[in-house]
Amino acid sequence: MWENQYLKRLLAAPLLFLAACGTGSQPKPEAAAVQNLPAAHVDPATAGSITGRITFAGTPPAMPVIDFSSNPQCERAHKTPWKAETVVVNPNGTLSNVFVWIKDGLPPARWDAPSEPAHLDQNGCIYEPHVLGIMEGQPLEILNSDPVNHNVHAESKVNAAWNESQPPRAEHKFKRFDSAEVLFPVTCSVHPWMKSYIGVSPHPFFAVTGAEGTFTLKGVPPGTYTVEAVHEKYGRKEGKLTLEAGGKATIDFAYGS
Ligand SMILES: [Cu+2]
């Protein structure tokens, strides 16, 4: 069971740390710096929210229908044609799958990650969700709901990259990313059309837009912030705002022509 493995890893961590000290090597400076920061504290009485909308102007590019025919089981999983999710423009003219986060402005602090894992599934030989937000140090539980072998390849640059096969009905994988990194692709070495993206945030103020093209960051302490939107094809946009104590701030981003 993963719990046991996870526990073992937790128990092993101090030993590894001691071992590292014994050999004279040190933990990564950024990791050590974060550990030394005071624990973040948000006063609910003054926390506010940041909301926004990601619009898309112009004609959305036509997305190719994915050809699953190299694997009959992948093909059978789709009753209707499945299009690539590189650009998903919603009927209301907004853009899906945009990762939005507070890029800058929070006071230096250590934000504890939730123990509840984020999930990435392989279902119908596609990754679900297409874009995933997760906190630094939060467990990522990876499922394979397909009757076929997949190969999960985290193509991270700041965090160590890894590439591991995941047979059908295998145990779920549990991973963690210990440094902020927005965004990096996750691909499958068996099925070239499979691609998702992960954004690792050092704090809990991030969101991914869905069918409404909107986002909400809740429980944000008052302050002046740089908010960044990141789309896999259309790239990065940022804007600044000031959130008053107990207030609501809005910031919209526009993509497309
Ligand atoms: Cu695959």
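Any value given below was found using the heavy atoms of this structure, including those in side chains, with hydrogens, waters and symmetry copies removed.
- Counting only heavy atoms from C-beta outward, the side chains of T214 and I54 never approach each other to under 4.5 Å.
- F215 places none of its side-chain heavy atoms less than 4.5 Å from the side chain of V208.
- Judged purely by atom type and a 3.5 angstrom limit, Y255 uses its side chain to pair as donor or acceptor with the backbone of G235.
- T209 contributes a side-chain N or O that, together with a main-chain N or O of L95, makes up a donor-acceptor pair within less than 3.5 Å.
- When side chains are defined from C-beta on, E244 does not count as touching P222, because their heavy atoms never get closer than 4.5 Å.
- F184 and M135 fall into different hydrophobic clusters, where Ile, Leu, Val, Met, Phe, Trp and Tyr residues are linked whenever their side-chain heavy atoms come under 4.5 Å apart, directly or through other members.
- Between G124 and A77 the shortest heavy-atom distance is CA-CB, 3.7 Å.
- The cluster map of Ile, Leu, Val, Met, Phe, Trp and Tyr, joined by side-chain heavy atoms under 4.5 Å apart, puts L140 and L183 in different clusters.
- Looking only at atom types and distance, the side chain of D121 has a donor-acceptor partner in the side chain of S145 under 3.5 Å away.
- N149 is listed as a side-chain neighbour of S165, based on a closest heavy-atom distance under 4.5 Å.
- Here the side chain of N144 pairs a donor or acceptor atom with the backbone of Q166 at under 3.5 angstrom.
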* Decide side-chain contact (heavy atoms from CB on, under 4.5 Å) for L143 and N123; before the verdict, give the C-alpha distance in whole Å, the side-chain angles of both, and the deciding distance to 0.1 Å. => CA-CA 9 Å; L143 295 79; N123 190 358; over 6 Å; no

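- A donor and an acceptor atom, one from each side chain of E136 and H203, are nowhere located under 3.5 Å apart.
- No continuous path of ILVMFWY side-chain contacts below 4.5 Å connects V131 to I66, so the two sit in separate hydrophobic clusters.
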* Please lay out, stage by stage, how E212 and R53 fare under the test salt bridge (charged side-chain N to carboxylate O under 4.0 Å, His left out). => CA-CA 8 Å; E212 296 300 320; R53 201 166 179 264; over 6 Å; no

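- Other residues, nucleotides and ligands contribute more than 12 heavy atoms inside 6.0 Å of the CD atom of E155.
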* When you look at V88 and M63, which way does the side-chain contact (heavy atoms from CB on, under 4.5 Å) test go after all the steps? -> CA-CA 8 Å; V88 178; M63 285 293 106; over 6 Å; no

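- By the 4.0 Å N-to-carboxylate-O rule, K237 lies too far from E228 to be salt-bridged with it.
- With a 4.5 Å cut-off on side-chain heavy atoms, H172 and H119 do not count as touching.
- Here the side chain of Y127 pairs no donor or acceptor atom with the backbone of Y197 at under 3.5 angstrom.
- Remark: the N163 side chain and the N151 side chain contain an N/O donor-acceptor pair separated by less than 3.5 Å.
- Of all heavy-atom pairs spanning G133 and F99, the tightest one is CA-CE1, 3.6 Å.
- The two residues P129 and L120 make their nearest non-hydrogen contact at O-CD1, 3.7 Å.
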* To do: For the pair L217 and S49, evaluate side-chain contact (heavy atoms from CB on, under 4.5 Å) and give the outcome as yes or no after the intermediate values.
  => CA-CA 6 Å; L217 311 177; S49 64; over 6 Å; no

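- Sorted by first and then second residue, the pairs that involve residues 87-99 and meet side chain to side chain donor-acceptor pair (under 3.5 Å), not counting sequence neighbours, are N90-T94, N90-S96, N92-T94.
- Interatomic distance, I126 CD1 to C188 SG, rounded to the nearest 0.5 Å: 12.5 Å.
- To the nearest 0.5 angstrom, I198 atom CD1 is 6.5 Å from I134 atom CD1.
- The distance from atom NE2 of H191 to atom SG of C74, rounded to the nearest 0.5 Å, is 4.0 Å.
- Classified by interplanar angle (parallel below 30°, tilted 30° to 60°, perpendicular above 60°), the ring pair F68/W193 is perpendicular.
- A distance of 8.5 Å separates CD of E85 from CD of E232, quoted to the nearest 0.5 Å.
- In this structure, V98 is a member of the same hydrophobic cluster as I251, with clusters built from ILVMFWY side-chain heavy atoms closer than 4.5 Å.
- No side-chain donor from either of D146 and Q122 sits under 3.5 Å from a side-chain acceptor of the other.
- Ring geometry for F205 against W111 counts as perpendicular: the plane angle is over 60°, on a 0 to 90° scale with 30° as the lower cut.
- Between atom NE2 of residue H150 and atom CG of residue N71 there is a gap of 8.0 Å, rounded to the nearest 0.5 Å.
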* To do: Given side-chain contact (heavy atoms from CB on, under 4.5 Å), test T51 with K248 step by step and report yes or no.
  => CA-CA 8 Å; T51 58; K248 286 183 167 47; over 6 Å; no

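- To the nearest 0.5 Å, atoms OG (S201) and CD (E181) are separated by 12.5 Å.
- You'll find the side chain of Y225 reaches within 4.5 Å of the side chain of V220, heavy atoms only.
- Pairing each heavy atom of A180 with each of V158, the nearest pair is O-CG1, 3.9 Å.
- Q138 contributes no side-chain N or O that, together with a main-chain N or O of V200, makes up a donor-acceptor pair within less than 3.5 Å.
- Linking Ile, Leu, Val, Met, Phe, Trp and Tyr residues whenever their side-chain heavy atoms come within less than 4.5 Å leaves V186 and V148 in two separate clusters.
- Here the closest heavy-atom approach between residue D178 and residue G137 is recorded as OD1-CA, 4.0 Å.
- Below 30°, between 30° and 60°, or above 60°: for H231 and Y234 the angle between ring planes is below 30°, a parallel geometry.
- For the pair I50/T216, no side-chain contact is recorded, criterion being any heavy-atom separation below 4.5 Å from C-beta on.
- With salt bridges taken as basic N to acidic carboxylate O contacts below 4.0 Å, none links E141 and K173.
- Looking at N159, its side chain does come within 3.5 Å of a backbone N or O of S179 through a donor-acceptor pair.
- Across every non-hydrogen atom of P221 and V42, the tightest pair is CD-CG2, 4.2 Å.
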